[in-house]
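Letters A, B, ... are given to chains in the order of the sequence lines, protein chains preceding strands, and every chain is numbered from 1. The figures that follow rest on heavy atoms only: side chains count, while hydrogens, waters and symmetry mates do not.
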Amino acid sequence: MQHEVIIKVWSIAAICLLVATSGRSDGIEKHDAETVKAVFIERLCNFVEWPEEANLSDTSWPFVIGIMGRSPATSAIRRIYGSRPILGHPVEVRRIKTTSGIGGCHLLFIAENEKSRLADIIAAVSEEPVLTVSDTPGFCDWGVLLNFRIFNNKVGFEINERAVLDSPLSFSHHLLKTATIVEPVGDNK
Amino acid sequence: VNITHRVSIKNKLVGIICLVTLAALGIGFTVVILSDIATYEDDLVNNTLVNARLVGNGCITALAFDDRQGAMDNLLTLESVDDVEDAYLFDKNGDLFAHYQRTPSDTPPTKEEFRLDKASEFANGRLEVTQPIRFKGQDYGYIQLRASTAQLQEKIRDYLATVLTLMAALMVLAFLLAQGLQRIISAPILHLARVTHSISKGGDYSVRVSDRRGDEIGILYGGFNEMLDQIEARRNERDAALEELAQTHAQLKSILRAASRVAIIACDENGRVSLFNSGAEQMLGYEPDEVMGSQTPLLWHLDEELAARAEALSQEFDQPIKGMDVFVAKPRLKGYEEREWTYVRKNGARFPVTATVTLVRDDARNTTGLLFVAIDITDRKRAEEEVRQSEQKYRAYISNSPFGVFVVNSMGQFIESNEALLRYCGYTEEELHRLNAPQLFSPNSPEVAKAHFGQLMTEGRSSGEVLVQKKDGSDGFYMVDAVRLSADRCLGFVADITSHKRDQEELKKFAARLERSNRELEDFASVASHDLQEPLRKVRAFGDRLKAVCGDGIPEKANDYLDRMQSAADRMQTLISDLLTFSRVTTKAQPHTAVDLNEVTVEVLSDLEIRVEELEARISIGQLPIVHADPLQMRQLLQNLIGNALKFHRSGVAPVVKVYTKAMYEPPIPHAAWTPEHQMCTFCVEDNGIGFEEKYADRIFTVFQRLHGRSEYDGTGVGLAVCQKIVERHFGKIAAESTVGKGSAFSVTLPQSSEQKGKDHERHQLEANHHPAG
């Protein structure tokens with residue numbers, strides 16, 4: 001009798017575990033891709049080094065995310081970082097309308113609808129310690145440092161290695177290893 | 001016996017060396033092997049860890065951005081690492097993210113099997129290494145590698161084989177070396193053992209081992225030789241000591257046996273007799289077998305004496321003392337006790353002894369027994385008793401002596417005194433004994449007398465009269481004779497001569513008075529004799545003149561008166577002359593000299609020759625002595641005596657006079673005037689005359705005493721008085737014996753001259769000369 005109970009308990013536990021494991025294994029597929037991108041932003045920051053002038057040494061100072069344009073991803077970012085910190089800093093999400101408002105941002109998400117101003121925006125931040133992120137194919141070729149793409153039904157990203165090299169920011173090689181490299185530095189274009 | 005003790009020293013050394021080598025090699029190699037195996041394992045672990053970390057790091061972003069393909073690509077790089085068989089990548093929740101298996105049959109570990117607590121673990125012949133994957137302080141997941149240990153084990157096997165081979169080779173080498181080198185140590189020791197063995201077998205201690213070595217073996221050899229020296233010396237000493245001991249033992253035994261007058265008895269700590277010598281046998285009558293080991297000395301002690309002694313000791317020590325403790329109590333304090341006891345012989349006879357009880361102690365001062373040395377003091381007791389009685393006797397003599405007896409020490413203090421002495425001086429014994437002999441001298445005592453004591457001390461003898469002040473202050477004369485007995489003891493005898501002295505004084509005074517009176521008398525006699533002669537001569541002269549003048553004219557009657565008067569005057573003349581003679585005996589004395597009475601007699605006879613011839617007397621003279629006397633008085637003495645013998649002859653009978661020596665003898669009373677060599681001699685003058693009655697024998701020597709009338713025999717009665725006076729002046733004696741009608745004998749005793757013996761010349765017989773023929 002008791003033996004049966006134990007077996008039962010173990011069976012339930014195993015089923016729960018299987019369910020949980022299966023749930024985790026295809027977690028990204030379950031979440032919408034926009035949320036994954038927003039979450040990936042926080043993870044990306046771990047592999048990026050900002051220079052001194054970015055004022056990230058003091059954790060009481062906010063980590064400023066600038067958003068240019070509108071897309072489902074921007075609303076996911078806003079939703080997620082309303083309370084979630086990045087690198088220990090409280091996150092401040094700003095809507096950036098003009099390139100002049102880019103100053104003071106640590107990360108700049110550029111939505112697809114800003115495609116027209118993209119060259120200006122890139123020009124404006126190319127010398128600044130601002131991690132430019134987008135989720136529009138082809139943006140990376142324009143000079144955005146990191147661009148989310150969907151590969152094999154999974155959120156991945158590509159990195160403009162040339163732009164990273166020119167930027168005051170430095171990227172961890174781990175990041176480069178996972179990313180798809182656009183404009184590799186070894187190529188002479 | 002431990003088995004190691006039986007193994008020879010050589011094998012022991014080899015064994016020890018091999019064992020040490022084995023131990024050293026074993027420990028050394030074990031440490032090296034263990035450390036090497038650990039190193040090998042560490043290498044494996046470290047390599048695996050490095051691989052895990054490298055691969056893990058490569059998977060960081062794959063984990064961060066859910067890149068399973070990237071993770072798999074990374075894990076596949078492990079294909080080139082031979083050891084690693086499986087690799088599992090877990091996300092930070094512990095869920096398997098990606099895995100690689102060299103042999104795909106293995107099932108990947110579940111979440112439950114996944115263990116993070118150990119970085120590395122050998123399990124199931126495999127190494128499991130788990131590493132967290134971190135980047136910038138953030139956990140991204142975990143990687144676990146499973147490495148095969150087959151290669152490691154093979155490596156270790158090879159290594160062990162090499163090491164063990166090496167060790168075996170080293171052991172063989174060590175054994176060979178030990179075999180060779182052990183001789184350095186064992187050879188001299190075995191040599192020593194052989195020498196020792198030969199010494200112990202043969203007993204020859206003169207053997208020595210050569211010790212010219214500098215190491216400890218040399219010291220051992222030296223020590224061994226030294227030990228042999230000492231053993232030899234000790235053995236010699238011991239032999240000598242044993243011999244001495246045997247001698248001493250024999251000597252002691254013979255002493256104990258010889259000590260037949262002394263009982264020597266020893267007891268053990270329980271009081272049992274352990275020694276009983278022949279003296280004890282003789283004294284107590286027991287055989288040694290009867291008492292040795294079974295009896296205690298209480299056996300021959302008197303029970304009542306023991307009880308009394310026990311009582312006394314109990315009181316003295318304030319604790320009950322009984323049994324053998326009676327003997328032990330005192331010796332415990334001072335080591336021995338000497339005491340008189342009464343012993344009881346086996347036959348019950350009792351006798352006194354002096355027993356000395358001594359505690360016998362061992363070197364640690366523990367009492368191991370008692371020694372009794374007893375001497376039979378029966379004889380001594382008897383002697384003491386005799387001495388005591390004798391002493392009592394002599395003490396009684398001395399104390400009852402009418403003379404004072406004292407003993408003083410060199411300071412003159414009185415040590416002893418008898419009753420007579422105390423009576424003399426009036427002090428009690430205590431008072432006297434506080435005094436000094438010189439203190440007793442009277443202040444009136446002459447200095448000479450005071451020197452007596454000093455003389456006694458210096459010369460050892462002193463004698464003399466002393467004047468002593470008695471206790472009551474009066475003086476007394478004492479004659480003291482003292483002699484020094486020892487340096488500090490003088491014995492003296494004292495006679496009280498106070499009264500004697502007084503008598504002597506009075507006698508002296510009386511003698512002086514007498515002397516004076518005698519002298520006066522003699523003077524008177526002499527003077528009277530001389531002075532009387534003058535008127536007498538006148539009486540006679542005028543008588544003659546009256547006869548011549550008147551002649552025939554004088555009537556008959558008157559003439560008769562005149563004759564009578566003249567005759568009386570003549571008689572008076574004779575009287576005076578004789579009296580003068582008598583007095584001259586003392587006044588005209590001459591010094592004494594040796595007088596040969598033979599010669600004197602011859603002279604006297606020649607004076608009396610006519611008378612002898614008239615009377616036809618026969619005179620015989622024997623050998624007469626030489627006397628120490630006044631020669632003239634001797635002549636007078638003999639003349640008077642021989643003259644008297646001729647004079648008082650019987651009428652009609654021819655007188656026979658004998659002069660001879662009667663005897664010679666020692667003086668009955670020595671007198672100061674005589675020298676000791678003077679003997680007395682007595683000679684006799686004997687006649688056959690009329691004799692006299694014995695009762696007048698004394699009277700005849702008195703002056704003017706006559707036994708016969710003047711008509712019968714003329715004479716004044718002075719002759720014998722003169723004789724007596726002469727003899728007495730010579731300290732002699734004159735006596736007369738007589739029988740009426742038969743004759744008289746006068747014996748005269750005079751001191752003999754010391755020249756008597758020298759004058760041993762021949763004496764001639766005078767008898768023939770003075771005896772007329774017919």
K.L.:
Hey, is CD on A:E52 packed in by over 12 heavy atoms from elsewhere, all under 6.0 Å?
P.N.:
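Incorrect, the count does not exceed 12.
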K.L.:
Just checking B:Q179: does its CD atom have more than 12 heavy atoms from other residues, nucleotides or ligands closer to it than 6.0 angstrom?
P.N.:
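Yes, CD of B:Q179 has more than 12 neighbouring heavy atoms, counting only those of other groups under 6.0 Å.
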K.L.:
Going from CD1 on B:I60 to CG on A:L175, what distance comes out if it is rounded to the nearest 0.5 angstrom?
P.N.:
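Result: 11.5 Å between the selected atoms.
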K.L.:
Out of the candidates A:H174, A:R43, A:H173, only one should pair with B:T61 under the side chain to side chain contact (heavy atoms under 4.5 Å, CB included) rule; please name it.
P.N.:
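Going through the options one by one, the only one that passes is A:H174.
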K.L.:
Can you tell me how far apart OG1 (A:T178) and CG (B:D66) are? Round to the nearest 0.5 Å.
P.N.:
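Output value for this atom pair is 11.0 Å.
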K.L.:
Taking CZ in B:R134 as the centre, count heavy atoms belonging to other residues, nucleotides or ligands within less than 6.0 Å. Is the count above 12?
P.N.:
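At most 12 heavy atoms, drawn from other residues, nucleotides or ligands, come within 6.0 Å of this atom.
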K.L.:
Report which part of B:D73 has an atom under 4.5 Å of a heavy atom belonging to chain A: side chain, backbone, both, or neither.
P.N.:
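No part of it gets close to chain A.
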K.L.:
Answer with side chain, backbone, both or neither: which region of B:A62 has an atom nearer than 4.5 Å to a non-hydrogen atom of chain A?
P.N.:
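Only the backbone of B:A62 comes within 4.5 Å of chain A.
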K.L.:
Does A:R95 have more than 12 heavy atoms from other residues, nucleotides or ligands lying within 6.0 Å of its CZ?
P.N.:
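Yes, the 6.0 Å shell around CZ holds more than 12 heavy atoms from other groups.
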K.L.:
What part of A:F151 gets closer than 4.5 Å to chain B, counting heavy atoms only: side chain, backbone, both or neither?
P.N.:
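The answer is neither part of A:F151.
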K.L.:
Near A:K115 NZ, under 6.0 Å, is it more than 12 heavy atoms from other residues, nucleotides or ligands?
P.N.:
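Not buried by this count: 12 neighbours or fewer within 6.0 Å.
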K.L.:
Specify the closest pair of heavy atoms between A:F40 and B:A64, including all atoms of both residues, with the distance to one decimal.
P.N.:
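That closest heavy-atom pairing would be CE1-O, 4.2 Å.
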K.L.:
Tell me whether the count of non-hydrogen atoms from other residues, nucleotides or ligands lying under 6.0 Å of CZ in B:R183 goes above 12.
P.N.:
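No, CZ of B:R183 has 12 or fewer neighbouring heavy atoms, counting only those of other groups under 6.0 Å.
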K.L.:
Are side-chain heavy atoms of A:V155 and B:F65 found at a separation under 4.5 Å?
P.N.:
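They are not in contact (no side-chain heavy atoms under 4.5 Å apart), so the answer is no.
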K.L.:
Is there a side-chain contact between B:K136 and A:E49, using heavy atoms and a 4.5 Å cut-off?
P.N.:
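Sidechains of A:E49 and B:K136: in contact.
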K.L.:
Answer yes or no: does atom CH2 of A:W50 have more than 12 heavy-atom neighbours from other residues, nucleotides or ligands under 6.0 Å?
P.N.:
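More than 12 heavy atoms, drawn from other residues, nucleotides or ligands, come within 6.0 Å of this atom.
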K.L.:
Does B:G70 offer a backbone N or O that forms a donor-acceptor pair with the side chain of A:K177 under 3.5 Å?
P.N.:
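A pair under 3.5 Å: no.
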K.L.:
Work out which heavy atom in A:S172 is nearest to a heavy atom in B:F135; give both atom names and the distance.
P.N.:
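Residues A:S172 and B:F135, closest heavy atoms: OG-CZ, 3.8 Å.
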K.L.:
Checking B:Y140 against chain A: side chain, backbone, both or neither under 4.5 Å from a heavy atom?
P.N.:
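Contact with chain A is through the side chain of B:Y140 alone.
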